[in-house]
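Structure first, then comments.
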Amino acid sequence: MVHLVCVSPVRLSSSSSRPRPGVAHRRCCLALASLCFALLGQLGFSLLCPRSASDSAGQWLRFKFPITKFTHSSKFKFKFASTAALAHFNDSHNDFSESEHSSSSSSSSYCSSNNITNDNIKEESFHIVKSLQNNPSLAFSFFTQLKQQQFVGFPENISTYAAIIRIFCYWGLNRRLTFVFLDLIALSKQHPSFEIHDLFELLLDDGGVNGGNHNYMLRAIDAYVKACIVLKMFDEAIDFLSPTRRHSVVPNILTCNFLINRLVENGKVDMALAIYNQLKRLGLCPNHYTYAIVIKAFCKKCELEKAVYVFKEMEEARVRPDSYCYTAYIEGLCNNMSEMKLVGAEIMFSNMIKKGMVCQHVYSALTYGYCKSHKLSKALDLYEDMRSRGMFLDEVAYNIVFSALCKLGEVDDALDMVEDMKAKRMVLDIKHYTTLINGCFLRRQLVDAFAMIREMKEKGLKADIVTYNVIAAGLSRIGWAQDAVDLLDEMETQGVKPNSITHKRIIEGLCSAGKVVEAETFYQVGR
DNA sequence: CTAGGGTTAG
């Protein structure tokens with residue numbers, strides 16, 4: 001095994017002559033890296049444990065994989081400011097100039113000891129991650145491997161986390177940063193003595209990541225706040241936006257938008273509006289998306305006048321509303337449906353057309369409004385209008401149209417459109433199938449209905465409670481009461497719990513099939 | 001940071 005690792009060192013050409021690596025190259029490199037790490041896992045960790053601290057296993061990686069550069073020019077060397085906490089680690093590998101490296105010398109040193117202690121893994125992992133600072137991709141896969149083998153423990157190995165965070169901050173790999181923080185949050189829950197704030201203190205020891213440049217620190221804060229939001233830890237996210245926690249860094253409006261939007265979606269509308277007001281007090285400028293979310297928030301509270309007032313606020317702030325803002329309001333009108341409001345939505349829609357601001361989404365919103373108020377032919381007219389403008393339907397919009405067509409009893413048209421979707425390589429999901437199955441049953445097109453059910457299952461889609469209710473209703477309606485009852489068995493094996501609608505449909509089926517006694521028993525004791 | 005869709009009611 002060791003032999004295999006050392007046979008063919010990769011020759012590194014000088015950085016100036018090598019073309020910039022493309023995405024494919026990077027992917028390839030990453031794949032190669034994971035492969036080798038997997039190999040390492042099998043070998044045990046001994047390969048990565050050199051005799052001396054300076055003889056880092058990072059060197060092993062260096063001759064094994066060409067060092068890839070990301071978008072930064074090589075003039076920008078990663079500056080890894082030392083901290084008091086990290087001072088005992090050897091910093092000699094900061095500079096990763098890609099000089100020719102004699103590979104043969106290191107072959108023996110990596111297969112040294114077999115008796116690895118947790119301590120040297122800790123030390124080495126920090127060391128290796130740090131030495132891969134010019135290759136974030138590789139650093140990340142190494143880190144992932146460490147985690148999979150549970151070598152990144154807590155709270156002892158906080159420095160390895162700090163190292164990986166610094167690297168990702170520097171390279172602006174925000175998504176990966178968020179993943180690291182998701183991890184950290186999970187770990188900090190296992191180890192209550194550790195607080196994320198301690199980690200930030202560590203990062204701040206340098207005066208910020210990378211020599212006090214707040215842009216880097218901001219990335220770490222954003223990523224952490226985002227991770228909190230994803231985990232619905234809203235209080236923690238909000239707490240971090242407070243002046244004492246921000247470390248005098250101004251929060252990013254995009255992150256704030258993300259927070260406010262998720263708050264609204266989770267029904268915490270008042271909290272969202274409070275944050276919005278706080279942002280304004282902080283002097284942060286909301287952008288058009290912020291305003292759109294606020295419009296949505298007021299609509300959700302049924303305070304449509306206040307939603308209108310937001311447009312005024314935008315005018316004062318000289319932020320031009322975009323199609324999303326208008327759509328948010330149209331959606332609000334459609335959801336708080338009344339004849340008058342629908343007219344309001346139509347007026348705003350035609351204004352959008354005049355301004356050349358229509359987007360696909362506004363069509364969905366208004367179509368949905370028409371469907372809800374049973375103006376199905378208007379909905380279909382709108383669909384035609386949309387096609388005439390060369391807009392295309394996406395998956396969700398297709399389903400809105402399907403649902404309108406099915407209610408009109410025009411399932412065949414819907415089924416034709418399914419073929420269009422497939423021709424466009426669009427994938428149907430469980431909601432499409434539910435709509436269509438329902439439509440087929442309503443028209444008593446049983447062959448189509450069962451074909452749809454089969455197709456859905458063949459594609460590996462699992463029916464959920466709504467789908468089962470639709471099927472139960474369909475079976476009952478066509479008089480197949482026993483099959484509706486039997487559906488409960490299938491639901492049980494699929495782990496879907498029937499609800500009151502399911503039972504209601506089954507009882508209806510039994511009653512209309514004349515099986516009143518069975519219906520009564522079912523009502524009394526269930527199945 | 002970018003939304004929206006499927007059952008149901010005398």
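Note: hydrogens, waters and symmetry copies are ignored here, and every other heavy atom, side chains too, is used. Letters A, B, ... mirror the listed sequences (proteins, then strands); counts begin at 1. Predicted model, so just to flag it, every value in this text is computed and none were measured.
Pairs of residues two or more places apart, or lying in two chains, that qualify as ring-ring contact (aromatic ring centres under 6.0 Å, His included) and include a residue from residues 353-391 of chain A are A:Phe349-A:Tyr363. Within the structure, the ring-ring contact (aromatic ring centres under 6.0 Å, His included) test picks out the following pairs touching residues 396-449 of chain A (sequence neighbours left out): A:Tyr398-A:Phe402, A:Phe441-A:Phe450.
Scanning all heavy atoms of the two residues, the minimum distance from A:Glu490 to A:Lys457 falls at OE2-NZ, 3.1 Å.
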Which parts of nucleotides 5-10 of chain B does protein reach within less than 4.0 Å, heavy atoms only, written one letter per nucleotide 5' to 3' as B for base, S for sugar-phosphate only and - for none? BBBSS-
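We find that CD1 of A:Ile295 is positioned 20 Å from P of B:dC1, with the value rounded to whole Å. Following rounding to the nearest Å, A:Asp322 (CG) and B:dC1 (C1') show an atom-to-atom distance of 12 Å. Rounded to whole angstrom, the span from the NZ atom of A:Lys300 across to the C1' atom of B:dG4 amounts to 13 Å. Between the C1' atom of B:dG4 and the CE atom of A:Met426 lies a distance of 14 Å, rounded to the nearest Å. Regarding A:His361, its NE2 atom lies at a distance of 6 Å from the P atom of B:dG4, rounded to whole Å. For the pair A:His288 NE2 and B:dC1 P, the computed distance is 13 Å after rounding to whole Å.
In summary, the aromatic rings of A:Tyr523 and A:His503 are positioned with their centroids too far apart to meet the 6.0 Å limit. Taking the centre of each ring, A:Tyr224 and A:Phe179 stay at or above the 6.0 Å mark. Note: A:Phe311 and A:Tyr291 fail the aromatic proximity criterion, with ring centroids not under 6.0 Å apart.
Among the atoms of the strands shown, only primed sugar atoms or phosphate atoms (P, OP1, OP2) are found under 4.0 Å from some heavy atom of A:Glu331.
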